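Just below is one structure, and these are the notes that go with it.
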Amino acid sequence: METLIIDGKKIAEEIKLEVANETKSFHNACLVTPGLAVVLVGDDPASSVYVRNKQKSAIASGMKSQTINLPSTVREQDLLNIIENLNLSNEIHGILVQLPLPSHISEEKIVQKIDPIKDVDGLHPFNSGLLSAGTPRFIPATPAGIRELLLRNDLDPDGKHVAILGRSNIVGRPLANLLSMKSIGGNATVSLCHSRTNNLKNITTTADIIIAAIGIPNFLTEDMVKENVVIIDVGINRIESTSHKRGYRLVGDVEFEKVKLKSKAITPVPGGVGPMTIAMLLSNTLLAAKLQCA
Ligand code: GUN
């Protein structure tokens, strides 16, 4: 059977169109334009690209977007003050501080400063708590995008063994909560694997769905997966390449060409999970505006 290459770009476009239409109806009914603020500290090239894409997509969906660029030397207290102002702004309904932050700034403090009702990243403990209680409000964008990719490709995780590689607060941990929830797109049996997991291969070779989110290029190899597995590759790793004009190429956490041959379905990098993250962020921003204008 031919392997399905999951087209994240196409599904993300569908969702963005849905969000744009809903944004228009919401605006007509409530005279409010959803506003997203994205804060970027420093000039990491990958983060700069992500932030630009978020801003462009927000505007294309009929939202207002404000990007705040700060030098990598910004003081933690100054960043906290900026978030406080965004918390108080009537025009801003969603706030996202691009991670990672420079080492002199506490990510925990920054995330906890964001008003939970504007926390479109879903990383504030109030929102991660709601998700782990099974009553989510803002679901972090990447996990939400992965659930959509599975559902919209007839790959419902219900009853399946899902191995998640990586226990980050942005992807692995909320994804484990989401896919094990008693609800549509949930009901999976989840193994949350990480750098201290013993006998990883024993787990991955029994998994029906493997989601790799560890940031190590080509980590998941063909000997680690069973036939007919579904593979979701969250990794976006830059590898030096002289044959590319920009000097690098993007690879995921999965050895794509070989693992593909054993897979029922697999996401490419780029064009898989990445575009979905932006679409779900916009969906969360619309939800934030609705909650604040109710
Ligand atoms: N850096 C990489 N992914 C993300 C994300 O989803 N949210 C934030 N805030 N930073 C990120």
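Whatever order the structure lists them in is the order used to number ligands and atoms, beginning at 1. Keep in mind that what you see is a predicted model, and the values were worked out from it rather than measured. By convention here, the first residue in the shown sequence is residue 1.
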Looking only at protein heavy atoms, which one is nearest to [atom], and how far off is it?
atom: atom 4 (C) of ligand 1; result: Ile170 CD1, 4.0 Å
atom: atom 10 (N) of ligand 1; result: Leu99 N, 3.0 Å
atom: atom 2 (C) of ligand 1; result: Gln98 NE2, 3.8 Å

### Message
Does atom CD (Glu91) have a neighbourhood of more than 12 heavy atoms from anything else shown, all under 6.0 Å?
### Response
no
### Message
Heavy-atom count check: over 12 atoms from other residues, nucleotides or ligands less than 6.0 Å from Asn169 CG?
### Response
no
### Contact atoms of ligand 1, heavy-atom distance to Val97 under 4.0 Å
8 (C), 9 (N)
### Task
Within a distance under 4.0 Å of any heavy atom of Leu96, pick out the atoms of ligand 1 and give their elements.
9 (N)
### Query
Just by distance, with hydrogens left out, do Ser191 and His161 show a side-chain donor and acceptor under 3.5 Å apart?
yes
Is any side-chain heavy atom of [X] closer than 4.5 Å to a side-chain heavy atom of [Y]?
X: Leu282; Y: Lys54; result: no
X: Thr23; Y: Pro34; result: yes
X: Leu86; Y: Ile68; result: yes

### Message
Is it the case that ligand 1 has an N or O less than 3.5 angstrom from some N or O of Thr142?
### Response
no
### Query
Taking atom 9 (N) of ligand 1 as the point of reference, which of Leu40, Asp121, Val234 owns the nearest heavy atom?
Asp121
